[in-house]
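Some notes on the structure that comes next.
All ligand and atom numbering here is 1-based and tracks the order in the structure.
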Amino acid sequence: MQRRDALKLGGLVASMPLISNVTALNLMADELNTGLIKNGKVLTGAHWGMLEVDVKDGKIIGSKPYQKTSEIYNPLQYYTQDMVYKTRVKYPMVRKSYLENPDDPKPELRGKDEWVRVKYEDAIKLVANELKKTRKQKGNTAVFAGSYGWKSSGNVHNSRILLHRFMNLSGGFVGSLGDYSTAASQIIMPHVVGSIEVYEQQTSWPVVLESSQVVVIWGANPISTLRIAWTATDEQGFKYFEQLKKSNKKVIIIDPIRSETAQYFDKAEWIAPRPNTDVALMMGIAHYLYTNNKYDKDFIQDYTVGFDKFIPYLTGKEDGIAKDTKWASDITKISEEKIKQLAETFFNNRTMLMSGWGMQRAQYGEQPHWMLVTLACMLGQIGLEGGGFGLSYHYSNGGVPTAKGGVISGVNSASVGIFNKKGEFVGTSNGAFDKNGRFVAKTNTDNGTGQSWLQEATKYAFPVARIADALLNPGKTIDHNGNKITYPDIDFIYWVGGNPFVHHQNTNKLRKAWQKPRTIVVNEPYWTPTAKMADIVFPATTSNERNDITMTGDYSNMNIVPMKQVVEKFEESKDDYQIFSDLSKAYDEKLAIAYTDNGKTEFDWIKQYYDGAYKQVKSIPDLYTEMKPFEEFWNSNKPVTFSSTPESESWVRFGEFREDPILNALGTPSGLIEIYSETIENMNYDDCKPHPTWFEPIEWLGMKDKPAQFHMLSPHPADRLHSQLSHTSLRDKYSITDREPIWINEKDALNLGIKTGDLVRVFNERGQILAGALVTNNVSQGVVKLAEGAWYDPDKNGLCKNGCANVLALDIPTSKLANGNISHTALVNIEKFKGEAPKLTAFSNPSII
Ligand SMILES: Nc1nc2c(c(=O)[nH]1)N[C@H]1C(S)=C(S)[C@@H](COP(=O)(O)OP(=O)(O)OC[C@H]3O[C@@H](n4cnc5c(=O)[nH]c(N)nc54)[C@H](O)[C@@H]3O)O[C@H]1N2
Ligand SMILES: Nc1nc2c(c(=O)[nH]1)N[C@H]1C(S)=C(S)[C@@H](COP(=O)(O)OP(=O)(O)OC[C@H]3O[C@@H](n4cnc5c(=O)[nH]c(N)nc54)[C@H](O)[C@@H]3O)O[C@H]1N2
Ligand SMILES: [Mo]
């Protein structure tokens, strides 16, 4: 299970039996209001918030936020009708050459072939047969179902976990490690502070508002990124950033882009370093503090190890280069004066260093947060009210005090199926059939196949962003965090809830890699580029076409939200749960019994999860009245809201560690903060040394012989969730010349002869795209901003007509330690596009027979 899934589900799922033994409920329709509302308002949840959807004559006509928490506008909340009615896949589809001969499916025609509409039952049979065939011919290592992606909110219809559940029960699959978001930090931070930090609760906002004197927003854009949450946002983070603005505290923003956040904090100081040079900036500050004796020696002494081994590097005793303010200024292009001033400000005030994740999504992305922690150690405020650092204030409402109440669980990925000698499904290691043919939780003594798989699977799982590399190089061995990983030979891919042809770096390389497997299956509501690049597409429902349940806030766990089905299922769309139940059945009758836990419907699951939380809450006497029995909750069309506690409101990250570092030791080998890591020293990597290090990235503005002129940053889009919502009419508000906007600095634009509204070609040795120019001083000179998430839309020559940033990004790992993606490291050239603008086809259907 991904860390973030664990976070989302609280500790609860871990303590639940994998296959529960609950009887299907067969709920009575007259108790539970399960009918659709044809006219009126329906409450549902999305990543972008609790929504009130307006329905007229059974059709969605609009949506808006269910409640208002601040004045900060969230444009993502108003387009539910487009999410249901636009750009949908209507029927099950098979690529022509694949249908003609699945054994010789001409993979080079993916994305070019015509599509054939097939009967749902036939598509199910086809996939079940081809999956069996692949496993028989090549084993489970040939089946890749890592299926990274943001899917939709909802704890039942969790497409990725539903896929894993099917793939596990039917024999096993190769998955992926880590994520695209925080790959570098989630690996380095445990070596440094003993926890991943990026998905941990932060020092509570009320404490920050009370005690911090200076707040540094370092490479973070919370006014944009808090528009969404992994579960569903409760927008409480906005409320606190709003209070921060009103507080008149000093806010410093360090970002090459004057982001939505920098624009919102109009009185804040905006400091724009060269992209990918923050480590040098931090070292310049650290050097100043050290040489001026302005650092907390007691903190270093009591709470850290290895400072003494870092100092020779900082001062240049080790390599002859002092990392002083002059050195830092040359690299970052921030003046020495400013660097010294930052050092003084940080040291003389209670300072909270809030960092986003953009700067670790770059080559050597392990270093920035390691150096940030080192700097925070020198400031000595870690574990004090309002001081130290925080790596998650910009994400899923980190720092919003955790509410006391119930936490709902969600669908789990089950364990690996066991098949007897005849090839029949007989259960899993902890689930078997009783004499009535029910699948129940019990130790399975059948020693059929499947058991050894789990060990195999962990051996073959590879870092998520190495997907193209893995497809292209089966059998290759790579280093990863002190281990060796051998890539499997992938022949079958099943993807749900993600859009790799938008999210993965170096699209042209991915296109080549994508031709390796024989079979690619995708469940998608929309004709995304990934759906267009598949062999078989099942049309999936959106969350508006099914019933579900979610929590909000991720850290706050503030609300339990009924996600009511708003409208009928679109055309022949099916829920992922239905698709995988049917695939299970086609695979093996009895497997479907295990898959559905003896025939559970969506409402059986929803009630089970709700009742679990209800039971928890009942054991807390003063909270009992907050939650109603399930039927009442569901029929009320309202969320259950829990409150924070005085303890959660005054909570300080690392507070206990500071109080007693021996009793509350960190999870590092020394129990202390590791500025020097012997674990990493033992790995002996040239691209991740045992202490924070400045490495020159492969492409950056300060390099000699630049391969291209501008540094492209591809941060997260303010007006989408990655590629989600791309096809809605919200796009009309931000697109330029019907393309993704690219921000170009005024002086640069003048030199290039480009004005706002021009169609521009952006290119480098990896590929080319079209974008719409937005000339602005909100981006520093030499830097361009092209948000990730525009749907890849190649013409015959591979030019993306829509402006997908990843066509230009590099597909190499951060380092051998974490193997994260490096989206924010790329140089590009820009020119005004000459000739006739090609027609956009990103949101059109492919050709269908
Ligand atoms: N250049 C660059 N690239 C980046 C990044 C960057 O900063 N710069 N950031 C990276 C990061 S951090 C991330 S998280 C990734 C995000 O990459 P993704 O998570 O792949 O992006 P999404 O657009 O959210 O893709 C979700 C897909 O799931 C589909 N979907 C939604 N609900 C359902 C459902 O119920 N069932 C099924 N079957 N499908 C559903 C949606 O239609 C959509 O196509 O991008 C990464 N890529
Ligand atoms: N609206 C919206 N919100 C989202 C998402 C979305 O797609 N849309 N995606 C969600 C997901 S999955 C994730 S992982 C998070 C991502 O959260 P982050 O990774 O924090 O978001 P980014 O936008 O990639 O980067 C944040 C800021 O870092 C800056 N930055 C980039 N490179 C550098 C650098 O070298 N130095 C400095 N100082 N700054 C730099 C960017 O300009 C940007 O303003 O956001 C989440 N929230
Ligand atoms: Mo992410």
Side-chain angles (χ1 to χ4, degrees), residues 4 47-48 74-76 83 147-154 157-160 162-163 179-183 198 217-230 233 253-262 271-278 281 355-362 368 394-396 465 495-505 522-526 528-531 538-543 546 575-576 579 700 711-727 779 783 785-789 791 804-806 808-809 821 823-826:
R4 196 149 41 186
H47 292 300
W48 38 92
N74 187 348
L76 276 51
M83 291 299 280
S147 189
Y148 182 80
W150 264 68
K151 60 181 188 67
S152 294
S153 305
H157 298 284
N158 183 339
S159 52
R160 183 171 188 254
L162 288 167
L163 167 65
D179 58 35
Y180 279 79
S181 314
T182 62
V198 287
I217 302 178
W218 202 322
N221 186 8
I223 298 303
S224 163
T225 54
L226 288 177
R227 288 176 179 177
I228 60 91
W230 177 244
T233 181
I253 291 169
I254 305 179
D255 197 316
I257 295 170
R258 190 162 173 270
S259 66
E260 285 73 18
T261 303
I271 294 172
R274 269 181 175 157
N276 292 195
T277 66
D278 299 80
L281 178 56
S355 175
W357 305 333
M359 58 184 170
Q360 56 89 58
R361 226 175 284 116
H394 68 296
Y395 178 74
S396 290
W495 216 294
V496 299
N499 203 351
F501 267 87
V502 180
H503 77 222
H504 188 66
Q505 292 62 47
V522 167
N523 297 0
E524 249 294 340
Y526 312 103
T528 60
T530 302
F538 284 106
T541 53
T542 70
S543 55
R546 58 205 188 202
D575 302 339
D576 295 288
I579 296 165
W700 71 295
H711 195 121
M712 176 186 80
L713 292 180
S714 52
H716 288 234
D719 293 317
R720 294 188 293 265
L721 170 60
H722 314 297
S723 79
Q724 297 193 53
L725 292 149
S726 264
H727 65 289
V779 59
V783 180
K785 177 193 128 172
L786 184 72
E788 57 104 359
W791 288 17
C804 179
N806 278 320
L808 305 164
N821 75 88
S823 323
H824 285 304
T825 303

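Residue-level proximity to ligand 2 for Ser823 is absent, since no heavy atom of it falls below 4.0 angstrom. At a heavy-atom distance under 4.0 Å, no atom of Arg160 approaches ligand 1. Residue Lys785 does not touch ligand 2, judged by heavy-atom distances below 4.0 Å. Counting heavy atoms under 4.0 Å from ligand 1, residue Pro500 does not touch it at all. When non-hydrogen atoms are compared, ligand 2 lies under 4.0 Å from the backbone of Leu721 as well as from its side chain. Looking at Gln724 against ligand 1, both its backbone and its side chain come within 4.0 Å, counting heavy atoms. Here His722 has heavy atoms under 4.0 Å from ligand 2 in both its backbone and its side chain. Of all the heavy atoms of Ile228, the ones lying under 4.0 Å from any atom of ligand 2 belong exclusively to the side chain. Only side-chain heavy atoms of Trp150 come within less than 4.0 Å of ligand 2; its backbone N, CA, C and O stay farther off. Using a 4.0 Å cut-off between heavy atoms, Arg720 makes no contact with ligand 1 at all.
For ligand 1, the atoms lying closer than 4.0 Å to a non-hydrogen atom of His716 are 5 (C), 6 (C), 7 (O), 9 (N), 11 (C), 12 (S). Annotation for ligand 1: atoms under 4.0 Å from non-hydrogen atoms of Ala540 are 38 (N). Distances below 4.0 Å separate heavy atoms of Asp576 from the following atoms of ligand 1: 34 (C), 35 (O), 36 (N), 37 (C), 38 (N). Annotation for ligand 1: atoms under 4.0 Å from non-hydrogen atoms of Tyr526 are 42 (O). Residue Thr528 approaches ligand 1 through these ligand atoms, each under 4.0 Å from one of its heavy atoms: 44 (O). Interface atoms of ligand 1 facing Asn523, defined by a heavy-atom separation under 4.0 Å, are 37 (C), 38 (N), 39 (N). Interface of Gln505 with ligand 1, defined as ligand atoms under 4.0 Å from a residue heavy atom, comprises 2 (C), 3 (N), 4 (C), 47 (N).
The residue among Ser181, Gly789, Pro222, Pro717 with a heavy atom at the shortest distance from atom 2 (C) of ligand 2 is Pro717. Closest heavy-atom approach to atom 1 (N) of ligand 2 among the candidates Ser714, Ser396, Ser224: Ser224. Closest heavy-atom approach to atom 38 (N) of ligand 2 among the candidates Thr277, Thr182, Asp278: Asp278. Scanning His503, His504, His824, Arg361 for the heavy atom closest to atom 18 (P) of ligand 1 points to His503. Closest heavy-atom approach to atom 26 (C) of ligand 2 among the candidates Gly356, Gly219, Pro715: Gly219.
Side-chain contact check for Arg227 versus Asn74: some heavy-atom pair is nearer than 4.5 Å.
Classified by interplanar angle (parallel below 30°, tilted 30° to 60°, perpendicular above 60°), the ring pair Trp150/Tyr395 is perpendicular.
The distance criterion of under 3.5 Å between nitrogen or oxygen atoms is not met by Ser259 with respect to ligand 2. Among the atoms of Asn221, none of the N or O lies under 3.5 angstrom from an N or O of ligand 2. Inclusion of Ile254 in the set of residues having an N or O under 3.5 Å from an N or O of ligand 2 is warranted.
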